[in-house]
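Source: prediction; values computed, not measured.
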Protein chains: 2
Amino acid sequence: MSIRDVAKEAGVSPATVSRVLNNSGYVHEDTRKAVLQAVKKLNYKPNEVARSLYKGKSKLIGLVLPDITNPFFPELARGVEDYLQKKGYRLLLGNGDGKQQKEIDYLDTFVQHNVVGIIASVDNVDYDFLSNMNIPIVMLDRIVKDLPAVYSDQFQGGSLAAEKLLERGCKEITLVRGPMNIHPVYERFQASLAVLQEANVKVNKIDSNLSFNGAKSRAKELFEKYPDSDGIIACNDIVAVATLHEALRRGRKVPEDVQIIGFDDISISELVYPSLSTIHQPIYQMGSKAAELLLKEIHNEKLDSKRYKFSCSFVERETTKKVGD
Amino acid sequence: MSIRDVAKEAGVSPATVSRVLNNSGYVHEDTRKAVLQAVKKLNYKPNEVARSLYKGKSKLIGLVLPDITNPFFPELARGVEDYLQKKGYRLLLGNGDGKQQKEIDYLDTFVQHNVVGIIASVDNVDYDFLSNMNIPIVMLDRIVKDLPAVYSDQFQGGSLAAEKLLERGCKEITLVRGPMNIHPVYERFQASLAVLQEANVKVNKIDSNLSFNGAKSRAKELFEKYPDSDGIIACNDIVAVATLHEALRRGRKVPEDVQIIGFDDISISELVYPSLSTIHQPIYQMGSKAAELLLKEIHNEKLDSKRYKFSCSFVERETTKKVGD
DNA sequence: TTGAAAGCGCTAACAA
DNA sequence: TTGTTAGCGCTTTCAA
């Protein structure tokens, strides 16, 4: 069923139907009514594909995320989606899995589908590729040169984590370091490290990936290699929870024997027992801000700035010792 | 840049380029090479929108989920996405939030975008609407009349939960019941209830929604109203974890004083302390099976059955007492 | 105020 | 083996 059927039903030309539907050009009130009635009667819904083809642009936005299965990203995606949905845009979603091939594949096919903009949280696509796509783009939780980006202040967050542990009397702090090619993970690590090196404490490092399972085995290793750690900064909440779990298994008291700080403040951290102290990022807001920025770009509105940086905050729960304040 | 540019570059007609790209009709080997070279040189990528318009179908699949923020669904979405991605399809995603208006909105706009099939996990759209869309559809984790559906055996799962608690000696069991309009939640509740009523135990019920925060307050209520519960069956893992958390806060020993069983086996349940015993659903496989079924439908392959039912299993962790076996 | 016609980029039928 | 043409459903000149 097409615009022609509606035109026929209303006794007008397709052009007129189009005008009514798009509120463009002059239409006599009576014709308008007739058209609307026909639309209703036939339950006509315009074909967005034809629209997209003619106009050269759609109501589609592409979103590439590392992995929707990692609890950080659904929250981010939701922020994006809610904003776009309200503005009448739909979301094309892909999981890049940190693999360049997949990331590029999605980026390319999104463009082939006439998406009108892209929000990308990718780790392996370079500036040249991204800017050669010639399409509005906003990096999310990632930074690539001077491309518009929305993110949280990892430097501040990383410093905060270290300061809080220092304030709480830790003397031997172990950093569980995530993959260094992931920009925010790298930054938060460096920031913590810098603060700790200024202080009079022992600092250990151990590597981990960001997944539940990976972190579990690294947590075991952590307690074997650095049994005297009295403070742990994990690269994210998942890793922190895995570490916490392992600490308890080994009979370490948290926070009495070991204090643990995570990163992100995903919803799990509140539900764990003892609940996890962590560096909060406004995840949902980041997503929705990215969507907002992207739509502004698309509509050629002025951006105050191409960057939007949220601050992090320390959420104290039960894996750190309260200090008087 | 269009197929005409490639044609020009290769010194042939657009039709020939199309033939090469689609491996259809006869093309001389030399021309084929010339075309491929031109494609490469210009880095040409066909416009999927134009294809979609001409063919009346796309490489797009629509997925409507209740809420990607609920940890059950990312896993499901990932199963769907991975399968589709491998087959060259892309995903249009929407969160229905259990609201009819949003669910319908997404369904409608997906069709307007020429999606070639839909996977739906919706609670408020009826059979007539769904079947009138005239598009291949697979219900996921939901059942609507005789529409193709992929789900886990909630009846079996619910029974299992009750049986396990009975085996482990519980005498007063409280069921935390989720929203009864969500089909699988309803079924698992009924199944547990049926088993318990056959047994010689006291049964309590308390209502909750499925969210982290909702469950927290209901957990408090649970322990006030039914302080003697020695067994709890929660409607899902999130609710179970919230309940567990609250039990520990109140100094109840788990599983010594209270045993708790969740539902779903989302990844969180393994990371909680003590880790959560739960009814496992093969979430990822459900997603990928739904995608498989949908593509079969789309390609008019015979379906052995329009329904695909997975079984559930009991995953025993630390919130139930081990029994000798 | 309305309609006819062209064209977005592609593919398929038909002709050459 | 290849090219010409029409048309998918829509919007937008342009003419009436």
* Structure fact -> By side chain to side chain donor-acceptor pair (under 3.5 Å), A:Y83 pairs with (sequence neighbours left out) none
* Which residues satisfy the salt bridge (charged side-chain N to carboxylate O under 4.0 Å, His left out) test with A:E292, sequence neighbours excluded? -> A:K289, A:K296
* Asked: Can you name the residues that form a side chain to side chain donor-acceptor pair (under 3.5 Å) with B:S2, not counting sequence neighbours?
  -> none
* Asked: Who passes side chain to side chain donor-acceptor pair (under 3.5 Å) against A:Y54, sequence neighbours left out?
  -> none
* Quick one: is C:dC10 close enough that its OP1 or OP2 comes under 4.0 Å of any side-chain N or O from B:S18? -> no
* Structure fact -> If each end axis of the helix from C:dT1-D:dA16 to C:dA16-D:dT1 is fitted on five C1' pair positions, the angle between them, to 10 degrees, is 50°
* Which residue pairs satisfy the ring-ring contact (aromatic ring centres under 6.0 Å, His included) criterion with at least one member in residues 88-118 of chain A, sequence neighbours excluded? -> A:Y106-A:F110
* Structure fact -> note: A:N23, atom CG; D:dT11, atom C1'; distance rounded to Å ~ 14 Å
* Only counting residues at least two apart or in another chain, list the ones meeting salt bridge (charged side-chain N to carboxylate O under 4.0 Å, His left out) with A:K309. => A:D153
* Rounded interatomic separation in angstrom, taking NZ from B:K55 and P from C:dA13 -> 11 Å
Please write out each protein N/O paired with an N/O of nucleotides 4-6 of chain C under 3.5 Å, distance rounded to 0.1 Å.
none

* Asked: What does A:V12 touch in the nucleic acid at a heavy-atom separation under 4.0 angstrom: a base, only the sugar-phosphate, or nothing?
  -> sugar-phosphate
* Do A:Q154 and A:Q281 have side-chain atoms, one donor and one acceptor, less than 3.5 Å apart? -> yes
* To do: Using only heavy-atom distances, determine whether the side chains of B:D108 and B:Q112 contain a donor-acceptor pair under 3.5 Å.
  => no
Using atom types as modelled, flag every donor-acceptor pair under 3.5 Å from a side chain in residues 58-73 of chain B to any protein atom, sequence neighbours excluded.
| unit_1 | atom_1 | unit_2 | atom_2 | d |
| --- | --- | --- | --- | --- |
| B:S58 | OG | B:L60 | N | 3.0 |
| B:S58 | OG | B:N114 | O | 2.7 |
| B:D67 | OD1 | A:R78 | NE | 2.9 |
| B:D67 | OD1 | B:T69 | N | 2.9 |
| B:N70 | OD1 | B:F72 | N | 3.0 |

* **Residues in contact with DNA chain C, drawn from residues 26-43 of chain A - heavy-atom cutoff 4.0 Å** => A:Y26, A:V27, A:H28, A:T31
* **Which residues share a ring-ring contact (aromatic ring centres under 6.0 Å, His included) with B:F310, sequence neighbours left out** => B:Y308
* Asked: Tell me the ring-ring contact (aromatic ring centres under 6.0 Å, His included) pairs involving residues 11-47 of chain B, sequence neighbours left out?
  -> none
* Is the shortest side-chain N/O distance from B:T16 to OP1 or OP2 of D:dT2 below 4.0 Å? -> no
